[in-house]
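Down below is the structure, laid out as structure tokens.
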Amino acid sequence: MDKKEFIARRVAQEFKDGDFVNLGIGIPTLVGNYIPEGIKVYLHSENGFTHIGPMLENENEIDPELINASDQHVSILPGGAFFDSGVSFGIIRGGHLAATVLGALQVDQEGNLANWKIPGKKTVGIGGGMDLVSGAKRVIIAMEHTSKGASKILKKCDIPLTGLNCVDLIVTEMAVIEVTESGLLLKEIAEDVTLEDVLATTEADLIISPDLKKISV
Amino acid sequence: MDKKEFIARRVAQEFKDGDFVNLGIGIPTLVGNYIPEGIKVYLHSENGFTHIGPMLENENEIDPELINASDQHVSILPGGAFFDSGVSFGIIRGGHLAATVLGALQVDQEGNLANWKIPGKKTVGIGGGMDLVSGAKRVIIAMEHTSKGASKILKKCDIPLTGLNCVDLIVTEMAVIEVTESGLLLKEIAEDVTLEDVLATTEADLIISPDLKKISV
Amino acid sequence: MAKVVSIKEAAEMFKDNMTVMVSGFWGIGAPEKLLDALVETGVQGLTGISISTALVDRGIGKLVASRQLKKAIVSYIGRNTATMEQYEAGDIEVEFVPQGTLAERVRAGGFGLGGILTPTGVGTELEKGKQRLTIDGKDYLLELALKADVALIKAHKADRSGNLVYRKAARNTNPLMAAAARITIVQADEIVETGMIDPDMVMTPGIFVDYIVQG
Amino acid sequence: MAKVVSIKEAAEMFKDNMTVMVSGFWGIGAPEKLLDALVETGVQGLTGISISTALVDRGIGKLVASRQLKKAIVSYIGRNTATMEQYEAGDIEVEFVPQGTLAERVRAGGFGLGGILTPTGVGTELEKGKQRLTIDGKDYLLELALKADVALIKAHKADRSGNLVYRKAARNTNPLMAAAARITIVQADEIVETGMIDPDMVMTPGIFVDYIVQG
């Protein structure tokens with residue numbers, strides 16, 4: 001299985017039936033494809049609706065006034081509703097989303113997140129990311145464990161932050177790590193990696209859960 | 001002509017065609033009956049709509065879900081719209097009303113207004129009054145000149161304020177007084193009173209307009 | 001995800017000392033059946049948030065008449081004789097809030113804002129205990145968000161996903177309060193299947209709604 | 001009171017150095033005809049407020065491509081190559097605002113609030129120069145209201161009194177911006193007679209609208 005699919009499948013297990021969720025761009029978007037059977041999850045689109053439906057490919061099905069936040073022609077499922085940007089971010093900021101799933105450049109052991117700005121590179125902007133991490137009930141980071149061999153899970157983020165103490169769970173192709181009051185709790189590791197592999201590729205301090213499990217997807 | 005009708009008729013001259021206006025309870029409500037011909041004024045109802053229409057008396061015309069802010073069964077004219085309390089007070093606070101017309105217990109020469117609380121008497125509440133005086137483009141006070149012989153236009157209000165420096169115009173059965181930077185400017189007096197009458201029944205200092213006119217209604 | 005329940009099931013959620021938001025303007029747009037059920041439970045020590053205390057037999061006014069409110073956060077009490085009596089006797093605490101400020105404080109609570117800056121009340125006795133900030137030469141008071149344990153909402157139409165439509169002046173604080181409580185219970189004149197309300201015409205999205213009872 | 005005007009008449013209201021709010025999300029819900037007219041006027045030194053700078057040929061993005069914006073107050077510039085180039089070259093000033101904060105700042109401007117307290121951005125570099133307030137143990141930033149000289153709005157339907165209806169995801173910031181400008185100009189797909197829109201279904205009340213052009 002592809003790394004990204006693996007991560008997305010594991011994140012998808014985090015939802016409860018009836019949850020409203022906002023998925024970021026990249027791996028997070030894939031999560032929507034792997035919601036377990038029997039669980040209904042409703043996707044929130046920050047440009048102003050809930051119940052995102054499948055993407056439309058067929059030219060004559062497409063409504064030019066219906067896109068998702070990534071400018072893709074999607075549909076809306078029964079039960080969804082349209083609203084303005086004030087309400088849309090009221091939903092986000094007001095804790096009405098059970099979770100948001102986002103990518104990250106860096107996460108640290110205090111739960112800080114950096115995913116909007118790389119020093120020395122062109123800044124493209126913030127979008128709704130800072131609102132999502134300040135408001136959703138749970139912030140789940142879905143990302144590859146390392147970037148060009150370097151750990152993305154650090155003792156302390158060293159690039160500009162998106163949010164302070166905001167991350168609840170980190171899911172990578174190697175591990176599932178919960179952010180707790182006392183630090184990062186390693187709860188699950190992938191079938192094909194060892195504890196040593198995880199420790200070696202994680203700069204942050206990890207507390208190893210007494211009932212450390214294998215990731216099952 | 002009745003005092004109240006006289007005041008209401010004079011206030012009604014203050015509007016321009018197309019103005020949105022909120023009218024308070026008492027004399028202010030009467031103003032709606034005397035809008036000059038050729039002028040269209042749209043009434044805002046703070047409980048959530050514009051274009052208040054005539055009151056309905058006929059039991060089978062009444063819609064139980066359509067009242068004005070005074071709990072009267074009114075109608076809505078074509079062009080009106082319903083909205084929630086957030087929008088309704090956004091209209092008020094955001095300067096979207098050309099004017100509000102309110103009654104007063106006291107007004108003073110700094111443009112302060114007191115109309116919600118009499119010390120020693122039971123407090124009934126504020127309603128939307130404080131919002132109206134803080135937000136409408138013009139605050140017009142429509143009231144009788146005196147109360148039990150005592151002036152209601154004072155040097156300084158001595159009961160709890162509704163708003164600070166908020167009054168623009170005072171219309172009574174005796175006079176029309178504008179609140180200016182330099183103080184109260186007496187602009188018009190009623191046909192049947194003398195300047196001395198007005199000065200004698202007004203505790204506040206009055207600047208007499210060089211082109212003092214008679215009120216014409 | 002919204003769930004259709006009986007009035008009896010809804011009533012089981014009412015507990016002593018809860019904070020309850022109740023929509024309605026003179027009772028218009030208030031969920032009378034839910035309020036009757038709340039009166040019947042006899043729960044005590046409630047804090048009520050509403051535009052006014054309405055009338056003794058309408059809207060939140062019933063909870064004053066039944067002496068279930070220990071505190072009312074409202075803009076007006078004048079037409080409810082029960083509130084006036086209890087207020088004079090010191091049996092009910094009243095926090096007077098200008099109507100527009102009340103609406104914004106409730107909206108802020110539901111939308112994750114800590115508060116708002118409003119010019120309303122500057123220089124009046126309502127300023128007491130509040131921070132005044134000057135922005136571009138204009139003065140504002142910092143007014144803090146309001147939240148509740150339960151919001152009691154009245155809709156004209158609800159679909160089974162909790163999407164709501166209101167009629168005319170019955171909308172008032174309903175859309176704001178629906179978002180501002182831990183549990184939002186809607187009394188709907190009509191409950192329709194999901195998909196029967198045009199998603200463009202929804203006035204309160206189902207995401208804010210927890211329970212629906214037939215009105 | 002709203003007035004139906006020609007695109008040409010609307011264009012006469014555009015002046016150098018104005019602050020312009022432009023609705024639209026990737027250009028969806030943006031008034032393209034009004035923007036084309038604004039480009040044609042060649043007015044300079046504009047400050048633009050929008051969710052993003054969209055794309056070079058869509059929405060507010062056109063005003064960047066035509067080099068009419070001296071400043072953009074937006075949450076994102078990444079898909080507009082013109083903004084990226086001008087930003088790198090120092091030809092355009094960009095104030096990055098989180099999307100939800102932008103929406104609230106615009107709403108505050110239209111609704112007479114001086115600002116709002118939001119948790120968004122606390123502890124990030126966006127906090128620089130802003131006041132942090134702690135309410136009930138939670139930190140918030142004080143974000144100030146935004147207003148504009150002109151708001152350019154795109155509606156699906158407008159009646160002659162200025163009441164507006166939007167479709168689907170084209171609503172976005174339209175209802176907020178409509179209230180926040182000195183002059184609000186709407187481009188409507190369809191203009192109908194007053195009375196043809198159910199007053200319960202109005203999404204932006206006519207009181208906020210000054211001019212309407214046929215889209």
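The chains referred to below are lettered A, B, ... by the order of the sequence lines, with proteins before strands, and numbering in each begins at 1.
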Where on [X] is there a heavy atom nearer than 4.5 Å to chain B: the side chain, the backbone, both, or neither?
X: C:Leu102; result: neither
X: C:Ser52; result: neither
X: C:Pro175; result: side chain
X: C:Ala103; result: side chain
X: C:Arg107; result: neither
X: C:Tyr87; result: side chain
X: C:Val97; result: backbone

### Task
Classify the side-chain pair C:Thr120/B:Ser134 by whether it contains a donor and acceptor separated by less than 3.5 Å.
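Result is yes, a qualifying pair exists.
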### Task
Could you walk me through whether C:Glu125 and B:Lys117 pass salt bridge (charged side-chain N to carboxylate O under 4.0 Å, His left out), step by step?
CA-CA 11 Å; C:Glu125 64 178 46; B:Lys117 199 175 185 177; 2.4 Å; yes
Among the listed options [options], the residue most often paired with chain C at heavy-atom distances under 4.5 Å:
options: B:Gly90, B:Gly86, B:Ser45; value: B:Gly86
options: B:Val133, B:Asp63, B:Asn165; value: B:Asp63
options: B:Asn47, B:Ile76, B:Val124, B:Leu66; value: B:Val124

### Message
Using heavy-atom distances under 4.5 Å, tell me whether B:Ala69 contacts chain C through its side chain, its backbone, both, or neither.
### Response
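Both the backbone and the side chain of B:Ala69 come within 4.5 Å of chain C.
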#### Entry: B:Ile67 portion near chain C, given a 4.5 angstrom heavy-atom threshold
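Both parts, heavy atoms under 4.5 Å.
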### Donor-acceptor pair, side chain of B:Arg93 and main chain of C:Thr118, under 3.5 angstrom
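Such a contact is absent between B:Arg93 side chain and C:Thr118 backbone.
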Just so I know, are the side chains of [X] and [Y] near enough to count as touching, which here means a heavy-atom distance under 4.5 Å?
X: C:Thr101; Y: B:Asp131; answer: yes
X: C:Thr124; Y: B:Thr162; answer: no
X: B:Asp71; Y: C:Arg58; answer: yes
X: C:Trp26; Y: B:Gln72; answer: no

Inter-residue atom distance [X].[atom1] - [Y].[atom2], 0.5 Å rounding:
X: C:Glu104; Y: B:Phe89; atom1: CD; atom2: CZ; answer: 10.5 Å
X: C:Leu176; Y: B:Asp84; atom1: CG; atom2: CG; answer: 4.5 Å
X: C:Ile28; Y: B:His73; atom1: CD1; atom2: NE2; answer: 6.5 Å
X: B:Phe82; Y: C:Arg167; atom1: CZ; atom2: CZ; answer: 8.0 Å

For the [atom1] atom on [X], are there more than 12 heavy atoms of other groups (residues, nucleotides or ligands in this structure) within a distance under 6.0 Å?
X: B:Glu59; atom1: CD; result: no
X: B:Lys187; atom1: NZ; result: no
X: B:Lys16; atom1: NZ; result: no
X: C:Lys70; atom1: NZ; result: yes

### Query
Which atoms form the tightest heavy-atom contact between C:Ile51 and B:Ser85, and what is the distance?
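So the minimum-distance heavy-atom pair works out to CD1-OG, 3.9 Å.
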### Query
Between B:Trp116 and C:Leu126, which heavy-atom pair has the shortest distance, and what is it?
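Result for this residue pair: CH2-CD2, 4.5 Å.
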### Full working for salt bridge (charged side-chain N to carboxylate O under 4.0 Å, His left out) between B:Glu65 and C:Lys168
CA-CA 6 Å; B:Glu65 296 200 322; C:Lys168 305 195 175 180; over 6 Å; no
### Task
Evaluate the salt bridge (charged side-chain N to carboxylate O under 4.0 Å, His left out) criterion for residues B:Lys122 and C:Glu85: first the C-alpha distance (whole Å), next the side-chain angles of each, then the deciding distance (0.1 Å), finally the verdict.
CA-CA 10 Å; B:Lys122 287 184 184 186; C:Glu85 280 165 28; over 6 Å; no
### Query
In terms of heavy-atom pairs under 4.5 Å with chain B, which of C:Gly78, C:Ala170, C:Ser75 leads?
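When all of C:Gly78, C:Ala170, C:Ser75 are compared, C:Ser75 has the most.
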